[in-house]
Protein chains: 2
Amino acid sequence: MSAIGNLRAVSEAYPCDENGLRALFLRQPSEIAEAGAALFFEGDPACHVFHLVSGNVRICRFLADGHRFIIGFLRAGDLIGLSFRSRYMFGAEAIDRVAFRRMSKRMFEEELQLAPEHRSQMLSHLRDEITASQDHMLLLSQKNAEERVCTFLLDRLDSDDTPGLVSLPMIRSDIADYLGMTIETVSRTLTKLVLKGIILPAARHQFKVVSRSSLARHANEANEYDDHQGEALRVLQ
Amino acid sequence: MSAIGNLRAVSEAYPCDENGLRALFLRQPSEIAEAGAALFFEGDPACHVFHLVSGNVRICRFLADGHRFIIGFLRAGDLIGLSFRSRYMFGAEAIDRVAFRRMSKRMFEEELQLAPEHRSQMLSHLRDEITASQDHMLLLSQKNAEERVCTFLLDRLDSDDTPGLVSLPMIRSDIADYLGMTIETVSRTLTKLVLKGIILPAARHQFKVVSRSSLARHANEANEYDDHQGEALRVLQ
DNA sequence: CGTGGTCTTGATCTACCTCAAAGTGGGTGG
DNA sequence: CCACCCACTTTGAGGTAGATCAAGACCACG
């Protein structure tokens with residue numbers, strides 16, 4: 001349900017969808033960004049498309065009055081920049097030590113020309129991003145603090161490597177700006193979920209989910225429709 | 001800045017972008033939906049792509065607890081269904097009497113095959129939708145009631161035919177569910193803007209904008225970056 | 001063993017929600 | 001043409017979830 005963060009999970013469900021796109025980056029050298037460093041800033045001319053090799057990245061925008069909004073979190077395997085026009089519409093900052101590969105938009109475009117099936121993967125990726133954005137709008141406009149935090153934990157649970165564990169590499173203010181709340185409310189809500197026995201503090205930046213179903217119930221998610229069923233009808237691939 | 005509503009304005013800025021896509025629908029018969037009727041429901045198998053000829057449509061989703069969220073408003077010229085997977089992720093309802101044309105996804109796909117440049121238009125459209133979604137997330141997570149309403153009016157002002165006039169064909173509860181507030185707060189905020197002399201009630205479902213700059217100031221928009229500048233570099237077209 | 005960044009907890013405040021009632025205007029039928 | 005109705009809108013009064021302000025607690029780091 002994260003704006004961007006869960007695209008990895010989506011692509012795991014359709015393993016063949018974007019591997020092709022990701023493979024393009026293997027020829028590029030791997031670069032490193034230290035925690036806190038910016039890969040690029042909001043408003044910069046958009047020259048590159050990025051592929052995250054390891055680490056975590058936050059995607060942010062700023063209001064005129066200085067307020068920050070976090071559009072989403074990215075992790076290993078995610079792509080950045082597929083939806084850009086001539087300028088980056090948001091900034092990308094390393095949460096921890098990040099390894100990434102980049103490719104100029106020009107080169108990326110040439111690769112797409114060589115293998116047109118990549119265009120379908122692009123479309124698929126963009127549609128996933130739109131769906132995720134809409135889910136997040138729903139969260140921001142209709143859900144209360146507890147539902148927001150539960151939804152967030154659920155998303156990260158589903159896309160995490162270790163079953164039953166949720167890792168939150170970002171700090172509270174990142175979560176707050178992503179969920180549209182304050183750090184205090186995020187903290188209080190997490191405490192409340194612990195007291196309710198739904199989650200347990202496991203390690204620094206990590207929680208154990210005691211009851212996934214309970215978490216899901218508190219997330220108040222919209223009904224899910226099986227999107228795989230009509231796969232044969234899927235157009236624009 | 002609306003999630004979907006301002007795509008028309010965007011495409012007016014790039015007049016050649018999507019006309020091609022829209023032209024595909026001219027061969028289809030025009031259909032009518034009366035006010036309140038649904039073009040399709042959330043969760044239905046996604047069989048068609050729609051082109052709105054006249055009238056206004058609201059796009060909605062529902063939470064498990066019955067709360068409604070309006071993703072955006074569509075008007076003459078807009079397309080619906082380009083971002084669908086196998087099922088509609090939201091419902092579409094006619095606000096007033098609506099004329100539209102539709103095309104099966106299969107036929108639409110075939111048209112795309114025949115004229116591959118349409119794929120670039122698809123990509124362009126989807127990227128616009130993503131940008132609009134992100135703007136709206138920013139509104140929902142960071143803006144207060146007055147900023148939300150001003151932003152909404154500003155969007156509709158920019159994409160309206162009659163300069164200085166904003167028409168709001170939808171009812172207050174539609175606006176409320178779109179901006180993530182209650183009908184009472186929408187009403188109170190509009191009244192306050194009238195008292196401040198920023199807008200004037202002009203007709204039923206219509207306001208006159210006295211001071212566009214004042215409206216913009218109260219909207220607290222993020223800084224805009226000129227996206228046209230790097231047009232020559234635009235890839236994926 | 002400080003020190004600075006992060007996180008939690010508490011007390012208070014407020015923007016917006018909720019509940020309630022009155023106002024408005026278009027449509028319908030007599 | 002008027003009177004009624006119904007859906008929509010506005011306005012008011014009071015309540016509350018979450019923000020804000022403030023103070024400790026925790027922890028990694030030099």
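Here is how names work: the chains are called A, B, and so on, in the same order as the sequence lines, proteins then strands, and each is numbered from 1. Values reported hereafter were calculated over all heavy atoms of this structure, with side chains retained and with hydrogens, waters and symmetry mates removed.
- Atom CD in B:E184 sits about 18 Å away from atom P in C:dA15, given to the nearest Å.
- Between B:H136 and A:H136, the closest side-chain pair of non-hydrogen atoms is not below 4.5 Å.
- In this structure A:R212 satisfies the side chain to side chain donor-acceptor pair (under 3.5 Å) test together with A:D158, sequence neighbours excluded.
- Rounded to an integer number of Å, the gap from B:Q206 CD to C:dG25 P is 16 Å.
- A salt bridge links A:R68 with A:D174: the distance from a Lys NZ or Arg NE/NH1/NH2 to an Asp or Glu carboxylate oxygen falls below 4.0 Å.
- Relative to the side chain of B:H205, the nucleotides D:dT9, C:dT6, C:dC17 differ in distance, and D:dT9 lies closest.
- The rotation axes computed at either terminus of the helix from C:dC1-D:dG30 to C:dG30-D:dC1 lie 30° apart, taking five pairs at each end and rounding to 10 degrees.
- Rounded to whole Å, atom P of C:dG5 lies 16 Å from atom CG of A:D174.
- Taking only side-chain nitrogens and oxygens, B:T191 comes nearer than 4.0 Å to OP1 or OP2 of D:dT11.
- Summarising the geometry, the separation between CD1 on B:I171 and P on D:dC6 is reported as 17 Å, rounded to the nearest angstrom.
- Heavy-atom minimum distance, A:A92 versus A:I59: CB-CD1, 3.8 Å.
- Checking the phosphate oxygens (OP1, OP2) of D:dT9, no side-chain nitrogen or oxygen of B:S187 falls inside 4.0 Å.
- Of the candidates D:dA13, D:dA28, D:dA19, the closest approach to any side-chain atom of B:R188 belongs to D:dA13.
- An OP1 or OP2 oxygen of C:dC16 is reached within less than 4.0 angstrom by no side-chain nitrogen or oxygen of B:T185.
- Across A:L74, A:N56, A:V57, a single residue satisfies side-chain contact (heavy atoms from CB on, under 4.5 Å) together with A:V98, and that is A:V57.
- Straight-line distance from the CZ atom of B:R172 to the C1' atom of C:dT18: 19 Å, rounded to whole Å.
- A salt bridge is absent between B:R61 and B:D177; no separation between the charged side-chain nitrogens and carboxylate oxygens falls under 4.0 Å.
- For the pair A:I183 CD1 and C:dT6 P, the interatomic distance rounds to 10 Å; values are reported in whole Å.
- Distances were taken from every side-chain heavy atom of A:R204 (C-beta onward) to each of C:dT18, D:dC27, C:dC16; the shortest belongs to D:dC27.
- Counting to the nearest Å, the C1' atom of C:dC7 and the NZ atom of A:K192 are 18 Å from each other.
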Exercise for review: Begin from the C-alpha positions of A:R127 and B:E129 and carry the test salt bridge (charged side-chain N to carboxylate O under 4.0 Å, His left out) through to its verdict.
Suggested key: CA-CA 10 Å; A:R127 281 183 326 194; B:E129 209 165 311; over 6 Å; no

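- The CG-P distance, from B:L179 to C:dC17, rounds to 11 Å in whole Å.
- Comparing D:dA19, D:dG18, C:dC16 against the side chain of B:N144 picks out C:dC16 as the nearest.
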